[in-house]
Amino acid sequence: MSMKPPIEKELEQYTQLKIDLLKISNCIEYCEKKKYKEIYQNIALEYSKEMKNLKDTIEKEYQVILCKCCK
């Protein structure tokens with residue numbers, strides 16, 4: 001069993017959040033009912049918050065910059 005360095009695990013989590021956010025955004029775009037669109041928008045907002053928190057944590061802990069355009 002190989003152990004991944006901690007930064008790899010966190011980067012995988014960050015990447016998966018991005019993937020999930022893109023999928024949710026797609027749902028918002030194609031959702032016809034306003035009720036469901038609002039639900040997906042709320043989910044996307046929570047994913048965005050979690051991505052920002054994880055990004056900030058990774059950058060602070062490992063002294064790396066994940067995205068210059070986001071600053």
Side-chain angles (χ1 to χ4, degrees):
M1 185 166 92
S2 68
M3 297 293 290
K4 293 181 183 178
I7 191 169
E8 282 187 33
K9 289 179 185 178
E10 292 195 47
L11 290 173
E12 284 179 358
Q13 289 175 331
Y14 181 75
T15 302
Q16 189 60 52
L17 281 172
K18 275 183 152 181
I19 291 166
D20 293 343
L21 184 56
L22 286 170
K23 289 178 182 178
I24 292 167
S25 298
N26 201 27
C27 292
I28 293 169
E29 188 174 330
Y30 292 104
C31 193
E32 293 182 14
K33 293 188 178 184
K34 184 180 178 185
K35 174 183 170 183
Y36 295 118
K37 189 174 272 198
E38 289 173 359
I39 291 170
Y40 286 123
Q41 287 171 336
N42 289 334
I43 294 169
L45 178 61
E46 292 304 315
Y47 269 77
S48 295
K49 288 178 188 177
E50 187 58 32
M51 269 187 60
K52 183 184 181 320
N53 290 337
L54 186 55
K55 176 185 169 291
D56 291 345
T57 299
I58 292 169
E59 288 183 340
K60 185 177 180 180
E61 190 170 326
Y62 299 103
Q63 292 83 42
V64 296
I65 296 173
L66 295 179
C67 179
K68 288 184 179 182
C69 65
C70 299
K71 294 280 181 183

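Positions are given from 1 along the sequence. Remember, it's a predicted structure, so these values are computed and weren't measured experimentally.
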Engineer: Please list all pairs meeting salt bridge (Lys or Arg N to Asp or Glu O under 4.0 Å) that have one or both residues in residues 25-35, counting only residues at least two apart or in different chains.
Structural biologist: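 Applying salt bridge (Lys or Arg N to Asp or Glu O under 4.0 Å) to every pair that reaches into residues 25-35, excluding sequence neighbours, yields K34-E38.
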Engineer: Do Y40 and Y30 land in one hydrophobic cluster if side-chain heavy atoms of ILVMFWY residues count as linked below 4.5 Å?
Structural biologist: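 No, because Y40 and Y30 fall into different hydrophobic clusters, even though each may have its own neighbours under 4.5 Å.
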Engineer: Taking all atoms of both residues into account, what is the closest heavy-atom pair of A44 and L21, and its distance?
Structural biologist: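 Heavy atoms of A44 and L21 come nearest at O-CD1, 3.5 Å.
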Engineer: Sorted by first residue and then second, give each salt bridge (Lys or Arg N to Asp or Glu O under 4.0 Å) pair with at least one member in residues 9-27; sequence neighbours left out.
Structural biologist: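 Pairs touching residues 9-27 that pass the test: K4-E12.
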Engineer: Under a single-linkage definition using a 4.5 Å side-chain heavy-atom cutoff for Ile, Leu, Val, Met, Phe, Trp and Tyr, are L45 and I28 assigned to the same hydrophobic cluster?
Structural biologist: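 No, it is not one cluster - the side chains of L45 and I28 are not joined through contacts under 4.5 Å.
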Engineer: Considering only heavy atoms from C-beta outward, does the side chain of P6 approach that of Y62 to under 4.5 Å?
Structural biologist: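 Side-chain contact under 4.5 Å: yes.
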Engineer: Quick check for you: to the nearest 0.5 Å, what is the distance between I65 atom CD1 and K55 atom NZ?
Structural biologist: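 Here the rounded value is 8.5 Å.
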Engineer: Using side chain to side chain contact (heavy atoms under 4.5 Å, CB included) as the criterion, list what pairs up with L17, not counting sequence neighbours.
Structural biologist: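 So L17 forms a side chain to side chain contact (heavy atoms under 4.5 Å, CB included) with Y47, E50, M51, L54.
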